[in-house]
Amino acid sequence: MYPRTSSVMIGRNVTNRRLARPRHITAGGLLACVLLSSCAVVDKLPVFPKPEPVQETRIEKPSPSTKKLPRITILQSNDIPAYTGITDELVAQLPEHPTIVNLQGNQPSSAEITEKLRKVGNKDIVAIGPLAAQFASKHAAGKVIFCQVFNYQDLVPATANMQGVSMLPPPELQFRAWKNLDPGLERVGVITGHGHEGLIAEARKAAQHHGIDLIHRVVRSDQEMLYAFKRLTPEIQGLWLVPDDRVLSRRVLRDIMAYSARHKRQVVVFHPELLQLGGIMSVGSVNADVAEQVIAALSGTSRQSKSSAADLLPLKKIRVELNSSVARELAQTSPLDSRASADAP
């Protein structure tokens, strides 16, 4: 029987915490916030316990080279934890306190924000979230480092002053954690919109390293995604759900989670909020790690891995939380292993 624990894996460190009682879905982050914050879970869909928040391990402060950095402006898309957590880490790690501009989720007046930026005098910008990245790409006078943007190809131009940090933790760490959870895992599906060839190539290589065949489908809408998932279900043991908001709506997300529960398919999700809808494990980034890579890009000390997706700087850490209720249920029909809460090999 599965232990009633959740796991947070940061590099090789794992912390176990007990699951909290079920609670309402909150605007906890990114696509989970967009897709779930204003909707109720359908009656037929079981609501699973959500792990309580776990404190992330703080990464050591960057090297002394950050002292050479000029004062920067942080442009934040909205006031949600997925963004403010990274802002807090940047404030803690940067040598000088940055100027923070919050767009509050609204398309800003170009004149108003550019005037603010001009008065502040900081040329370099860290843009957190899609709205901020899109604005900074058009109006920044200096270097722009963006993060927390999945479909960056649609929003920011490939120019010399733009550099992105991956939104997802390394696929190798994700599939390692999943394989530790289920050693019998051999076939996994992933469905995205167009433009993620680099990510899929990296993920397929990482999956193969762990004995997993990754099957990819490209779709153009949320309806196509639901159809593709249903067609793919007989061929796979689990779905790797990524935050592609172009092809993932609230309704389709609920339908996918309900369908996977009925057909006993594992779903690894990108945010802990989605564990309540039946995801077996959530995998996400660590705020301090994102901040560290942003600062490395600003200071010019980052060294991009040849295996990292496309033009994004890779992350180095992963945050994992486990839905033990789903794991126990699936253990009745598949040989799941409790090693998810052990150190990664």
Side-chain angles (χ1 to χ4, degrees), residues 1-3 5-14 16 166 168-192 196-218 228-244 256-257 259-261 263-270 274-275 278-285 305-310 314-324 326-345:
M1 183 176 291
Y2 239 76
T5 61
S6 60
S7 301
V8 171
M9 187 184 306
I10 301 178
R12 295 177 60 87
N13 300 321
V14 180
N16 296 328
S166 177
L168 301 178
E172 195 283 323
L173 294 181
Q174 296 192 49
F175 287 109
R176 184 196 304 183
W178 199 351
K179 191 73 171 184
N180 280 349
L181 175 62
D182 182 4
L185 188 69
E186 295 180 349
R187 292 176 68 81
V188 167
V190 59
I191 305 170
T192 70
H196 289 290
E197 294 80 8
L199 170 64
I200 297 304
E202 180 186 357
R204 182 168 282 131
K205 182 178 178 181
Q208 287 174 349
H209 178 72
H210 293 286
I212 300 169
D213 183 17
L214 184 65
I215 303 170
H216 180 220
R217 297 288 185 266
V218 178
F229 175 61
K230 290 182 177 180
R231 290 287 301 270
L232 195 57
T233 296
E235 304 177 40
I236 60 175
Q237 294 163 281
L239 177 69
W240 180 38
L241 191 65
V242 295
D244 193 339
I256 285 175
M257 300 305 290
Y259 192 84
S260 67
H263 292 270
K264 305 298 182 184
R265 294 300 186 268
Q266 303 171 40
V267 182
V268 167
V269 297
F270 51 83
L274 300 179
L275 294 177
I280 191 169
M281 181 173 71
S282 75
V283 289
S285 59
S305 166
K306 292 182 180 179
S307 64
S308 62
L315 299 175
K316 298 178 180 179
K317 307 289 181 180
I318 185 171
R319 177 185 173 99
V320 174
E321 294 189 34
L322 175 66
N323 189 331
S324 298
V326 177
R328 280 198 302 272
E329 184 177 332
L330 288 170
Q332 298 173 9
T333 56
S334 62
L336 292 176
D337 193 320
S338 61
R339 289 182 297 168
S341 60
D343 285 352

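As the structure is a computational prediction, the values presented were derived from the model and not from experiment.
When all heavy atoms are compared, the tightest approach of Gln174 to Trp240 is OE1-NE1, 2.8 Å. Looking at every heavy atom in both residues, Ala203 comes nearest to Pro171 through CA-CB, 3.7 Å. A pairwise comparison of heavy atoms in His210 and Lys179 identifies O-CE, 3.1 Å as the closest pair. Of all heavy-atom pairs between Gly189 and Ile236, the closest is N-CG2, 3.7 Å. Heavy atoms only, all atoms of each residue included: Pro314 and Ser166 are closest at CA-CB, 4.3 Å. Of all heavy-atom pairs spanning Ser285 and Leu315, the tightest one is CB-CD1, 3.5 Å.
Although no hydrogens or angles enter the test, the distance criterion places no donor-acceptor pair under 3.5 Å between the side chain of Gln237 and the main chain of Arg265.
Asp182 is listed as a side-chain neighbour of Gln266, based on a closest heavy-atom distance under 4.5 Å. Taking 4.5 Å as the limit, some side-chain heavy atom of Ile191 sits within range of a side-chain heavy atom of Phe229. A 4.5 Å side-chain heavy-atom check between Leu239 and Val188 finds every atom pair outside the cut-off. Two residues are said to be in side-chain contact when any heavy atoms from C-beta on lie closer than 4.5 Å; Pro243 and Leu168 meet this criterion.
Note that the CZ atom of Arg319 and the NZ atom of Lys317 stand 14.5 Å from one another [nearest 0.5 Å]. With rounding to the nearest 0.5 angstrom, the NZ atom of Lys205 is 11.0 Å from the CD atom of Glu172. Considering NE2 of His209 and CZ of Phe175, their distance stands at 12.5 Å, rounded to 0.5 Å. Within the model, atoms CZ of Arg217 and CD1 of Ile200 stand 11.5 Å from one another, a figure rounded to the nearest 0.5 Å.
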For this session: Go through Phe270 and Val242 one step at a time and tell me if the side-chain contact (heavy atoms from CB on, under 4.5 Å) criterion holds.
Result: CA-CA 6 Å; Phe270 51 83; Val242 295; 5.6 Å; no
Problem set entry | His196 and Asp244: CA distance, side-chain angles, deciding distance, side-chain contact (heavy atoms from CB on, under 4.5 Å) verdict | CA-CA 10 Å; His196 289 290; Asp244 193 339; 3.9 Å; yes
Exercise. What's the verdict on side-chain hydrogen bond (donor to acceptor under 3.5 Å, both in side chains) for Asp213 and Gln208, showing C-alpha distance, side-chain angles and the deciding distance?
Worked result: CA-CA 6 Å; Asp213 183 17; Gln208 287 174 349; 5.6 Å; no
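Of the options Leu232, Ile212, Ile215, a side chain to side chain contact (heavy atoms under 4.5 Å, CB included) to Arg187 is made by Ile215 and by none of the others. When each of Val269, Asn323, Val267 is tested with Leu274 by the rule side chain to side chain contact (heavy atoms under 4.5 Å, CB included), just one qualifies, namely Val269. If you run side chain to side chain contact (heavy atoms under 4.5 Å, CB included) between Val268 and each of Leu181, Ile280, Leu241, only Ile280 comes through.
Look at Glu202 and Arg204 and you find no salt bridge, because none of the NZ, NE, NH1 or NH2 atoms lies under 4.0 Å from a carboxylate O.
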